[in-house]
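Just so it is clear, the structure is predicted and the values come from calculations on it, not from any experiment. All values below were derived from every heavy atom in this structure, side-chain atoms included, with hydrogens, water molecules and symmetry-related copies excluded.
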Number of protein chains: 2
Amino acid sequence: MESFIDQVTSKVRAEGGRMTAQRRLILDALEDLRGHPTAEEIFDHVRNADPDINLSTVYRTLRWLEENGFVSPRWFEDEKRRERFDPVDRPHAITEHFHFRCRVCNRIIEFDEPLIHELRRKYAADTGAEIESVSFTLYGVCALCKKDTPEQP
Amino acid sequence: MESFIDQVTSKVRAEGGRMTAQRRLILDALEDLRGHPTAEEIFDHVRNADPDINLSTVYRTLRWLEENGFVSPRWFEDEKRRERFDPVDRPHAITEHFHFRCRVCNRIIEFDEPLIHELRRKYAADTGAEIESVSFTLYGVCALCKKDTPEQP
DNA sequence: CATCTAATTGCAAATGTTTTGCAATATCGT
DNA sequence: ACGATATTGCAAAACATTTGCAATTAGATG
Ligand SMILES: [Mn+2]
Ligand SMILES: [Mn+2]
Ligand SMILES: [Zn+2]
Ligand SMILES: [Zn+2]
């Protein structure tokens, strides 16, 4: 299968766009920083390789990737107004999966839950609405962090 | 049962706070504007009664209500960085319910889905995490809007 | 390889939403 | 009615993201 960068490059070309060093770095960062990075986190990461890169380039690239289905934006309630970017490697499918967010270590853990797809169908059937996307996020304390802070006696 | 305003007034008093005209107006607005209003929407609404009220007063009051469990903030993905406020009338329980957001009329429809509570327990049992809150939101086109724009032949 | 042109970049300023410091005002126990 | 202090209005700051524009650069063309 085509690598992430190759997929994106094909699409960029197909749109009459150009593959720049900055875009390559941002795509690399998205592969390295697997955990739903923010634009700022990506920016900090790519600065190592190119200290002159600009944050607005990072945003512009991410928006382009979003419009072309290579990343999905995500929001978590404990970071009200900050956007995170979820790379969607698999070609032609915005893979639907869900997230658990640990309030202690801030890790974001992905999971799938087939019943959610069931609920989605059920809601559509019951109400006559057409569902286009689903967001399901659990918030709490992950098993590891729970172990580190045992409940007080 | 105690009205919303009475509940809040009791709590304000209990904290050594004061019940002001502005707070009363904001609480009224929260009752009038039942559909998950933004701070700005509340602000516009209360301006009718008090043209001198300030937006920062609205925010400060909403934050206080949030800290004291009278409203829950909500975000919807199509309004990335804008917060909405969900009044929680029922005493002492952040009522867990879920939302459907119509991308055409922008209505927010609430629903409950007992299976979600099941999934929550299941995730906790499977992973050892402790779940503190759940967010489940469906996005799409509601039945009414679907009727208005029948699919092209 | 040199040239050309439009796409992309860096920069600085703007945007939109929410927060904050502070002096003036108003609430409520006395 | 008085006084301590909680709350307000205002203006400015904070914060994440977007945008206009002139300078740079990718990559097609000869
Ligand atoms: Mn994800
Ligand atoms: Mn609600
Ligand atoms: Zn954790
Ligand atoms: Zn609708």
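Using a 4.0 Å cut-off between charged side-chain N and carboxylate O, A:E40 and A:R82 make no salt bridge. Between A:R103 and B:E132 there is a salt bridge, since a side-chain N of the basic residue sits under 4.0 Å from a carboxylate O of the acidic one. Between A:R81 and B:E83 there is no salt bridge, since no side-chain nitrogen of the basic residue lies less than 4.0 Å from a carboxylate oxygen of the acidic one. Ion pairing of B:R101 with B:E79 is present here, as a side-chain N (NZ or NE/NH1/NH2) and a carboxylate O approach within less than 4.0 Å. The existence of a salt bridge linking A:R74 and B:E77 is excluded, since no basic side-chain nitrogen approaches an acidic carboxylate oxygen closer than 4.0 Å.
In terms of the side chain to side chain contact (heavy atoms under 4.5 Å, CB included) criterion, residue partners of A:R107 (sequence neighbours excluded) are, by chain and number, A:C105, A:L144.
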* To do: Quick one, give me the B/S/- string for nucleotides 24-30 of chain C, reading 5' to 3', where B means a protein heavy atom under 4.0 Å from the base and S means that only happens at the primed atoms, P, OP1 or OP2.
  => --BBS--

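Hydrophobic cluster of B:F76: the remaining members, joined at side-chain heavy-atom separations below 4.5 Å, are B:I108, B:Y139, listed by chain and number.
The aromatic ring centroids of B:F98 and B:H117 lie less than 6.0 Å from each other.
A heavy atom closer than 4.0 Å to some atom of DNA chain D occurs in A:Y59, A:R60, A:R63, these being the qualifying members of residues 58-65 of chain A. Contacts with DNA chain C (heavy atom under 4.0 Å) in residues 32-54 of chain A: A:D52, A:I53, A:N54, listed by number.
For the side-chain hydrogen bond (donor to acceptor under 3.5 Å, both in side chains) criterion with B:R84, the lone passing option out of B:H99, B:E41, B:H36 is B:E41.
Side-chain contact of A:H97 with A:D86: a donor-acceptor pair under 3.5 Å is present, judged by distance alone. Of the N and O atoms on the side chains of A:E2 and A:S10, at least one donor lies less than 3.5 Å from an acceptor on the other residue.
Checking B:S56 against A:R23, the closest nucleotide of DNA chain C that is more toward the 5' end is the one next to A:R23.
Of all nucleotides in DNA chain D, those with any atom nearer than 4.0 Å to a heavy atom of chain B start and finish, going 5' to 3', at D:dA4 to D:dT17.
No side-chain heavy atom of A:F136 sits less than 4.5 Å from a side-chain heavy atom of B:T137.
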